[in-house]
Number of protein chains: 2
Amino acid sequence: MYQRKIPIDYECGLSVAMEVVGSKWKFCLLDEISKGIKRPRDLVNAINGITKRVLQKQLSELELHGLLSKTIYPEVPLRVEYFLTPSGESLLPLISAVDQWGMGFASQLKVILEGKDSEI
Amino acid sequence: MYQRKIPIDYECGLSVAMEVVGSKWKFCLLDEISKGIKRPRDLVNAINGITKRVLQKQLSELELHGLLSKTIYPEVPLRVEYFLTPSGESLLPLISAVDQWGMGFASQLKVILEGKDSEI
DNA sequence: CAGGATCCGTCCGGATACTG
DNA sequence: CAGTATCCGGACGGATCCTG
């Protein structure tokens with residue numbers, strides 16, 4: 001995600017993984033695309049809080065890293081559809097696992113953060 | 001990990017998970033601590049590229065979120081040891097899975113990035 | 001509509017120093 | 001040694017504009 005000085009430790013799986021999917025929205029993007037939302041514009045609408053610029057950047061990174069690919073339909077207006085490569089698909093079980101873990105953890109986090117808020 | 005405007009979508013597991021472990025080093029930290037490296041100073045030495053300040057911050061966040069806890073030994077010099085809470089331990093399988101995925105993906109990423117380098 | 005470029009404010013992280 | 005505060009430069013993200 002912003003690791004360029006300690007180039008990337010190819011021996012460390014976590015380092016590699018963080019490099020590729022360590023940005024805020026990448027799991028979400030892969031998830032949404034796997035669900036069939038393929039066009040940039042639809043993704044902006046589907047994902048709460050992402051902006052066009054960031055979406056564009058992260059899509060291109062995912063594409064560069066070989067997790068995503070796209071098809072360009074030379075229509076007017078232009079249409080582009082992203083889809084998961086095999087590498088991207090290999091990540092889906094992990095995303096699902098992370099999502100489920102997060103669901104299970106949500107209640108705990110809620111209590112913790114709201115407790116903190118009330119201390120103000 | 002800088003999502004404070006779109007507070008946190010507790011309905012979205014990915015959102016919750018990213019909030020808690022979406023920083024660069026958190027998986028690494030939990031991993032190392034689970035391996036028995038418990039003191040901040042040892043963690044700085046064990047993790048390639050992290051600085052004391054960032055370590056401190058991420059440790060405290062993990063502690064705040066209830067994934068980590070610590071024991072303070074009132075010795076001189078002061079000794080502190082972090083350990084995983086049950087929530088933190090529940091994350092280990094995921095970390096392991098991410099690590100393994102990263103290992104498998106490393107070769108592909110290497111080819112891609114080195115290919116890009118050689119284009120310069 | 002896709003997506004790249006630019007301007008610019010904000011946040012993050014490195015370095016350093018200080019306290020207990 | 002652990003943890004916090006401060007200063008400061010650089011990276012990131014938002015808004016906007018432009019091209020195909």
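Chain naming here is simple, since letters A, B, ... match the order of the sequence lines and numbering starts at 1 in each.
Taking all atoms of both residues into account, the shortest heavy-atom contact from Lys26(A) to Glu19(A) is NZ-O, 4.5 Å. Of all heavy-atom pairs between Val16(B) and Gly102(A), the closest is CG1-O, 3.4 Å.
Following rounding to the nearest Å, Ile47(B) (CD1) and dG14(C) (C1') show an atom-to-atom distance of 17 Å. The distance between atom CH2 of Trp25(B) and atom P of dC12(C), rounded to the nearest whole Å, is 17 Å. Taking atom CG of residue Leu59(A) and atom P of nucleotide dG3(C), one finds them 7 Å apart after rounding to whole Å. Rounded to an integer number of Å, the gap from CG of Leu43(B) to P of dC1(D) is 14 Å. As a whole-Å value, the separation of Leu55(A) CG from dC12(D) P is 17 Å. The distance from atom NZ of Lys24(A) to atom P of dC12(D) is 15 Å, rounded to the nearest whole Å. One interatomic measurement links the two molecules: NZ of Lys57(B) to P of dA15(C), which rounds to 16 Å at whole-angstrom precision. Atom CD1 of Ile37(B) is separated from atom C1' of dA2(D) by 18 Å (rounded to the nearest Å).
Contact check of residues 28-36 of chain A against DNA chain D (heavy atom, cut-off under 4.0 Å) returns no residues at all. Listed by residue number, the members of residues 72-84 of chain A with any heavy atom below 4.0 angstrom from DNA chain C are Pro77(A), Leu78(A), Val80(A), Tyr82(A).
Distance alone, capped at 3.5 Å, is enough to place a donor-acceptor pair between the Asp99(A) side chain and the Gly13(B) backbone.
In the hydrophobic clustering of this structure, Ile72(B) groups with Leu68(B); members are Ile, Leu, Val, Met, Phe, Trp, Tyr whose side-chain heavy atoms approach within less than 4.5 Å, directly or through other members. Linking Ile, Leu, Val, Met, Phe, Trp and Tyr residues whenever their side-chain heavy atoms come within less than 4.5 Å leaves Met103(A) and Leu14(B) in two separate clusters.
In this structure Ser107(B) satisfies the side-chain contact (heavy atoms from CB on, under 4.5 Å) test with no other residue, sequence neighbours excluded. Remark: Ser96(A) engages Gln100(A) in a side-chain contact (heavy atoms from CB on, under 4.5 Å) (not counting sequence neighbours). The salt bridge (Lys or Arg N to Asp or Glu O under 4.0 Å) check on Lys57(A) picks up Glu61(A), with sequence neighbours excluded.
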Considering only nitrogen or oxygen atoms on both sides, find all protein atoms under 3.5 Å from nucleotides 4-10 of chain C and state each distance.
residue, atom, partner, partner atom, Å
dT6(C), O4, Arg53(A), NE, 3.3

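For the pair Phe27(B) and Val21(B), the minimum side-chain heavy-atom distance is below 4.5 Å. Counting heavy atoms from C-beta outward, Tyr73(B) and Leu78(B) have side chains that stay 4.5 Å or more apart.
Direction of the helix axis in the helix from dC1(C)-dG20(D) to dG20(C)-dC1(D) shifts by 30° between the two five-pair termini, rounded to 10°.
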For this session: Kindly indicate, with the supporting measurements, whether the criterion side-chain contact (heavy atoms from CB on, under 4.5 Å) is fulfilled by Tyr10(A) and Leu109(B).
Result: CA-CA 9 Å; Tyr10(A) 290 104; Leu109(B) 181 62; 4.3 Å; yes
Identify every side-chain donor-acceptor pair in residues 80-95 of chain A under 3.5 Å, counting partners at least two apart or on other chains, and give the distances.
residue, atom, partner, partner atom, Å
Glu81(A), OE2, Arg79(A), NH1, 2.8
Thr85(A), OG1, Gly66(A), O, 2.6
Thr85(A), OG1, Leu67(A), O, 3.2
Thr85(A), OG1, Ser87(A), N, 3.4
Thr85(A), OG1, Gly88(A), N, 3.2
Ser87(A), OG, Gln108(B), OE1, 2.7
Ser87(A), OG, Gln108(B), NE2, 3.2
Ser90(A), OG, Ser87(A), O, 2.5
Ser90(A), OG, Trp101(B), NE1, 2.9

N/O donor-acceptor pairs under 3.5 Å from side chains in residues 33-46 of chain B, not counting sequence neighbours:
residue, atom, partner, partner atom, Å
Ser34(B), OG, Asp31(B), O, 2.6
Lys35(B), NZ, Asp31(B), OD2, 3.2
Asn45(B), ND2, Arg41(B), O, 3.3

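Proximity of Thr51(B) to the phosphate of dG14(C): a side-chain N or O atom is located under 4.0 Å from OP1 or OP2. Checking the phosphate oxygens (OP1, OP2) of dC1(C), no side-chain nitrogen or oxygen of Arg39(A) falls inside 4.0 Å.
Counting only residues at least two apart or in different chains, salt bridge (Lys or Arg N to Asp or Glu O under 4.0 Å) contacts with residues 45-56 of chain B are absent.
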